[in-house]
Number of protein chains: 2
Amino acid sequence: MALEHAILVSLLEQPGSGYELARRFERSIGYFWTATHQQIYRVLKRMESDGLLDVRDVPQERRPDKKEYSVAAPGRAALSGWLHEPIEPESLRHDLAVKIRGAAFDDPAALLHEVERHHRVHSDRLAHYLAGELRDFTGPGAPAPLDAGQELQHVVLRGGIAYERMTVVWLDDVLATLRRLGATGPHI
Amino acid sequence: MALEHAILVSLLEQPGSGYELARRFERSIGYFWTATHQQIYRVLKRMESDGLLDVRDVPQERRPDKKEYSVAAPGRAALSGWLHEPIEPESLRHDLAVKIRGAAFDDPAALLHEVERHHRVHSDRLAHYLAGELRDFTGPGAPAPLDAGQELQHVVLRGGIAYERMTVVWLDDVLATLRRLGATGPHI
DNA sequence: GCTTGCTATGCAACCAGTTGCATAGAACGA
DNA sequence: TCGTTCTATGCAACTGGTTGCATAGCAAGC
């Protein structure tokens, strides 16, 4: 269950509430792990009752109070244990690829709009990541030299950038292929 | 539920038994979707009772009999309907990236073996995909010209190749970063 | 004769994650 | 004043997927 571990890493980097975690999962952590707020609240509750996390009620002005979570010693130990366990290299779950192969049994050209939409989303993500890299790591306002944590965050972000760049190039290839098939003849 | 659709695509490309599907999911379809045999048998049963698939008992010599599934008309219609629906661009679920960020709170150098192992797995997958491409699409024994279905299978395979190639390059980057951190000083 | 491995199918229990819904105070704009 | 958005938390029901286990025939090798 890697959500637990992703939460431990995120809370070690910076303690925060469930709501704040959910927003982080839409941004930086979300580069490589996603979670909804429901899932996060549930797991936080379980982790706290398991003694992995500490909670602190934080009254706030002009907005609802929040519960700030931080990592307790057993949480840190649990993360460390996980880090020393081997994990399976992940495999893809790529719906769009299923669709592309399925298009052979339908109209390939009908997929064009869908693929173009995915192309836009991945281009946007790439631009977003590149802006983040400039802001946090390579731009003039970035800290230099980076500490170990920042170096590791940067190399993970470079992975996200490489993934989005690769995906955009591949989707160009897919679009060209679909157009070629649509132009040269009917489908099966 | 994309497993249903992946099964429909696979059975349209070639009818087969649950066991054969499971092996395909370890190979070509598994480039972009994974499933265990238990999951496949269960879904096949449901799809058949929903009328999406036809079954045929096939007695075999020298090995147990099998049930050969093929796509019925409603199954084809269901696939077509899904192809015309938009889907969400997928997001990553990358455990290793969580580990890498987590290494800041442990010993970065301890991750080296793990990352090297992943590097080997992805290098092997890349070699495997490239061999498949040569065999089925670009080598001397490959059909030419390709039909629409083969063109689409090829473009999906090119996606898998691009993914593995990108991953191998990124893991080189990760290894260099971990070694640099291990060499220059202690962790947090 | 025994073990190992391959083909072939399946059940049962569990777990992670999604979807839909609910609540509630405060700010903000039409 | 009314609807919308943002912060903040949560429950309940469901679904998709994993894990562990079971069965059974046949082939190959020791």
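Convention: sequence-line order gives letters A, B, ...; per-chain numbering from 1. For the numbers below, each heavy atom of this structure counts, side chains included, while hydrogens, waters and symmetry mates do not. Since the structure is predicted, the reported quantities are computational estimates derived from the model, not experimental observations.
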Q. Going 5' to 3' on DNA chain C, which nucleotide is the first and which the last to come under 4.0 Å of a heavy atom in chain B?
A. C:dT7 to C:dT18
(Q) Please classify the nucleic acid contact of A:Gln60 as base, sugar-phosphate, or nothing, using heavy-atom distances under 4.0 Å. (A) sugar-phosphate
Q. Rounded to whole angstrom units, what separation is found between the OH atom of A:Tyr19 and the P atom of D:dC6?
A. 8 Å
Q. DNA chain C: A:Ala35 or A:Pro64, which has the more 5' nearest nucleotide?
A. A:Ala35
Q) Of A:Ala2 and B:Glu68, whose nearest nucleotide on DNA chain C comes first from the 5' end? A) B:Glu68
Please output the side-chain donor-acceptor pairs of residues 34-41 of chain B that fall under 3.5 Å, not counting sequence neighbours, one pair per line with the distance.
residue	atom	partner	partner atom	Å
B:Thr34	OG1	A:Arg93	NE	3.1
B:Thr34	OG1	A:Arg93	NH2	3.0
B:Thr36	OG1	B:Gln39	N	3.4
B:Tyr41	OH	B:Tyr19	N	3.4

Q) How close or far is atom C1' of D:dT15 from atom CZ of B:Arg42, stated in whole angstroms? A) 10 Å
Q. Quick check: does any side chain N or O of B:Arg117 sit under 3.5 Å from a backbone N or O of A:Ile87, one acting as donor and the other as acceptor?
A. yes
Q | Within 6.0 Å of NE2 in A:His84, more than 12 heavy atoms from elsewhere | A | yes
Q | Candidate pair B:Lys67 and B:Glu48, rule side chain to side chain contact (heavy atoms under 4.5 Å, CB included), full reasoning | A | CA-CA 11 Å; B:Lys67 298 183 187 176; B:Glu48 194 233 319; over 6 Å; no
Q) To the nearest Å, how far apart are B:Asp50 CG and D:dT15 C1'? A) 14 Å
Q. Rounded to the nearest Å, what distance is computed from the CD atom of residue B:Gln39 to the P atom of nucleotide D:dG17?
A. 5 Å
Q: Check the distance between D:dT15's P and A:Gln38's CD and give it to me in whole angstrom.
A: 17 Å
Q) Separation of B:Tyr41 atom OH from D:dT19 atom P, in whole Å? A) 18 Å
Q. Between A:Phe137 and A:His154, what is the ring plane arrangement, given parallel below 30°, perpendicular above 60°, and tilted in between?
A. parallel
Q. Want to settle it: does B:Val43 or B:His37 sit nearer the 5' end of DNA chain D, counting the closest nucleotide to each?
A. B:Val43
Q. Quick one: do the A:His5 and B:Asp95 side chains pair a donor with an acceptor below 3.5 Å?
A. no
(Q) Rounded to whole Å, how long is the line connecting atom CD of B:Glu4 with atom P of D:dT15? (A) 12 Å
Q. With respect to the phosphate group of D:dG17, does any side-chain polar atom (N or O) of A:Arg93 fall under 4.0 Å of OP1 or OP2?
A. yes
**Q.** Sidechain N-carboxylate O distance under 4.0 Å for B:Arg24, B:Glu13
**A.** no
(Q) From CD1 of B:Ile40 over to P of D:dT18, roughly how many Å is that when rounded to an integer? (A) 10 Å
